[in-house]
Amino acid sequence: MYGIADLDNCYVSCEKVFRPDLEGKPIVVLSNNDGCVVARSNEAKKMGIKAGIPYFQLAQLFPGQKIAVFSSNYELYGELTGRVVSIIRQEAPAYFRYSIDECFMYLDGIEIDQLQEWGENLHNRVKREVGMPISIGLAPNKTLAKIASKLAKKYAAYKHCCMIDTEYKREKALAWCPIEDVWGIGRRYAAKLQALGCITALDFAKHHKEWVRVTFNNINIERTWQELNGEDVVPNEELAKKKSICTSRSFNGMISDYETLFTHVSNYAARCAEKLRMQHTVASIVGVFLNTNMFREDLPQYWNFMEQRLVTPTSSSITIIQTADEVLKKLFREGYQYKKAGVIVMGIGAESPIQQDLFDMNAEQIQKMRRLDEVIDRINRMHGTETIVLGAQQYTQKNGKGKAEVFANAIKHDFRSPNPTTRWADVIQLNAKVEKKKN
DNA sequence: TCTGGGGTCCTAGGACCC
DNA sequence: TCTGGGGTCCTAGGACCC
């Protein structure tokens with residue numbers, strides 16, 4: 001049997017851990033730059049706030065309504081979800097972390113007649129120790145487990161844990177589940193299936209395998225069909241290292257000068273290098289892309305991506321920033337207002353042994369840069385991200401007297417909560433607020 | 001005024017090898 | 001008149017996931 005543990009309204013639940021006063025109220029969490037709504041509390045969903053709507057439309061669509069708004073705070077979410085995963089590590093025989101808010105669990109070794117109770121206990125422990133609600137689905141394959149978790153979330157009678165372990169329960173669950181909610185059926189396939197008369201998961205599962213093959217000629221959707229019918233065929237993910245790593249952001253406003261663009265790209269490059277080092281890998285290709293604002297049809301548009309191969313694969317922040325800069329120089333065109341940029345590293349391989357090029361830097365230089373990166377990583381882990389950065393990563397701005405001033409972050413986060421779990425300064429601030437309120 | 005940020009996999013077609 | 005039978009690698013495009 002498989003299980004999936006899914007954190008309910010993940011980002012909102014994280015914010016609520018430190019704001020119990022918001023229980024029962026509509027809450028939303030925004031994407032970077034306070035752009036779109038990316039998470040909603042149940043109350044916000046009931047109000048009709050759709051996922052993905054731009055924040056600026058919220059006031060227009062829901063005038064005069066009280067909605068608690070938070071900017072995204074990924075350090076906080078990473079910390080809290082990590083605590084949930086460490087509980088799952090203790091409770092489940094084996095698991096695979098599928099995303100920030102979902103964990104697949106392999107449940108061989110737990111008796112089937114004890115599974116329901118095991119799931120309910122897991123929910124209770126997470127709720128008690130971290131303060132966040134999770135929904136658990138149990139089934140003979142991952143696709144059905146996902147459907148079970150949706151049922152667990154929807155109906156309180158399941159006590160946060162729903163198990164599909166009989167033919168009767170399987171058919172009942174499939175008949176309840178709209179085709180577009182099936183894991184692996186996206187917007188396109190859902191539209192096609194609905195046009196063919198498949199409204200629920202059961203409608204689709206009842207077709208013959210041959211029909212699925214002829215209609216779609218795609219192995220993934222065939223596997224989904226098999227799993228809906230009870231087989232276990234979707235491959236289990238390895239804890240594989242990433243094959244490409246991308247860091248990209250939309251800007252707060254638009255940028256047309258090269259210098260500012262370079263500072264942003266340097267930051268993304270440094271972040272990619274950091275991610276490479278975290279999984280003990282190196283990359284051999286550095287790519288950069290640039291976008292103008294596609295919503296501004298009145299402005300000239302430009303989109304491009306270029307890449308460059310490295311002589312020696314590396315995870316060095318300095319080398320990757322330098323390479324990204326060379327690519328950016330080729331990519332950059334005057335006269336456009338850019339809205340978004342990103343860095344992608346590819347050709348990822350193990351950290352050692354690295355094939356060294358005969359004419360590249362000597363081993364001593366490489367060692368030196370590696371030690372520098374290690375120190376930077378350590379400081380940033382201890383004191384919070386971007387406590388220390390390379391010069392190229394620093395944003396500068398002319399002040400009133402024409403003098404350059406350095407500032408830390410270019411992303412707009414007007415409604416950010418403090419980070420009481422990761423930053424002492426924030427813990428102290430929060431405690432002070434609580435004290436003040438008490439008095 | 002303001003519109004997110006990551007990833008993976010599959011398939012088809014072309015270039016090239018013997 | 002007749003024109004083989006394998007392969008690999010790369011890229012682009014289109015799906016999907018959270």
Side-chain angles (χ1 to χ4, degrees), chain A residues 4-11 28-39 50-61 69-74 77-78 81 96-104 142-143 146 149-150 179-193 213 216-224 227 234-254 264 267-268 271-272 275 279 285 287 289 291-299 305 307 309 337 339-348 411-415:
Chain A
I4 184 151
D6 187 330
L7 280 157
D8 300 347
N9 313 330
C10 182
Y11 298 170
V28 299
V29 176
L30 306 177
S31 62
N32 272 335
N33 286 319
D34 297 337
C36 296
V37 171
V38 290
K50 295 264 180 281
I53 62 161
Y55 170 59
F56 70 88
Q57 286 180 3
L58 210 56
Q60 300 164 11
L61 293 170
V69 176
F70 289 93
S71 302
S72 45
N73 185 344
Y74 293 106
Y77 310 151
T81 56
F96 166 74
R97 189 166 186 179
Y98 180 64
S99 70
I100 190 162
D101 65 339
E102 281 176 72
C103 223
F104 279 113
K142 295 188 283 300
T143 306
K146 291 275 273 186
S149 75
K150 281 182 202 288
I179 190 68
E180 68 268 24
D181 287 353
V182 174
W183 187 50
I185 306 290
R187 237 185 17 221
R188 296 295 179 100
Y189 287 152
K192 186 166 175 182
L193 280 163
R213 190 168 294 167
F216 290 93
N217 186 30
N218 176 291
I219 188 154
N220 290 320
I221 196 160
E222 201 173 312
R223 284 184 181 143
T224 298
E227 294 227 332
V234 172
N236 288 335
E237 325 234 358
E238 311 293 319
L239 279 164
K241 302 199 159 145
K242 300 228 181 328
K243 291 162 186 166
S244 71
I245 289 173
C246 172
T247 304
S248 77
R249 299 279 182 276
S250 294
F251 309 133
N252 178 20
M254 290 187 274
H264 284 276
N267 273 288
Y268 309 154
R271 182 76 187 118
C272 284
K275 290 177 186 172
Q279 56 170 26
I285 298 166
F289 66 85
N291 270 357
T292 49
N293 188 345
M294 61 171 179
F295 291 104
R296 293 292 301 271
E297 287 168 6
D298 53 320
L299 296 176
F305 170 81
E307 61 187 33
R309 199 167 276 274
Q337 302 197 56
K339 184 62 186 168
K340 183 177 180 179
V343 173
I344 305 175
V345 291
M346 292 170 290
I348 294 176
I411 295 177
K412 189 165 122 189
H413 283 129
D414 286 349
F415 318 105

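Quantities reported herein were computed from a predicted structural model and do not represent experimental measurements.
A distance-only check finds no donor-acceptor pair linking the side chain of A:K146 to the backbone of A:D181 [under 3.5 Å]. At least one donor-acceptor pair under 3.5 Å links the side chain of A:K142 to the backbone N or O of A:V234.
Within the model, atoms CG of A:N32 and CZ of A:F251 stand 12.0 Å from one another, a figure rounded to the nearest 0.5 Å. A distance of 6.5 Å separates CG of A:N33 from NZ of A:K339, quoted to the nearest 0.5 Å.
Position along DNA chain B of the nearest nucleotide to A:S250 versus A:R223 favours A:S250 as the more 5'-ward residue. The residue among A:N218 and A:R249 whose nearest nucleotide of DNA chain B lies closer to the 5′ end is A:R249.
Residue A:I100 is out of contact with every strand shown, counting any heavy-atom pair closer than 4.0 Å. Nucleic acid contact class of A:Q57 (heavy atoms, under 4.0 Å, all strands): none. Within 4.0 Å of A:Y55, counting heavy atoms only, lies no atom of the nucleic acid at all. Residue A:N217 is in sugar-phosphate contact alone, with no base atom involved, counting any heavy-atom pair closer than 4.0 Å across all strands shown. When heavy atoms are screened at a 4.0 angstrom cut-off, A:S72 is found touching no nucleic acid atom at all. At the heavy-atom level, A:V234 lies nowhere under 4.0 Å from the strands shown.
Inter-residue side-chain proximity for A:E102 and A:I4 is flagged as met; some heavy-atom pair is nearer than 4.5 Å. Counting only heavy atoms from C-beta outward, the side chains of A:Y11 and A:I100 approach each other to under 4.5 Å. A 4.5 Å side-chain heavy-atom check between A:V37 and A:L30 finds at least one atom pair inside the cut-off. Annotation: side chain of A:R296 is not in contact with side chain of A:Q337 (no heavy-atom distance under 4.5 Å).
Counting only Watson-Crick and G-U wobble pairs whose two distances sit under 3.5 Å, DNA chain C takes part in these stems of three or more pairs: B:5-18 with C:5-18.
The neighbour count for A:E297 CD, taken as heavy atoms of other residues, nucleotides or ligands under 6.0 Å away, does not exceed 12.
Residues from residues 185-193 of chain A that place a heavy atom under 4.0 Å from any atom of DNA chain C, listed by number: A:I185, A:G186, A:R187, A:R188, A:Y189.
Relative orientation of the A:Y74 and A:Y77 rings is perpendicular, given thresholds of 30° and 60° on the angle between their planes.
In summary, contact between chain A and DNA chain C, defined as any nucleotide atom under 4.0 Å from a heavy atom of the protein, begins and ends at C:dA15 to C:dC18 in the 5' to 3' direction.
Of the residues A:D298, A:N293, A:T292, the one that meets the side chain to side chain contact (heavy atoms under 4.5 Å, CB included) test with A:F295 is A:N293.
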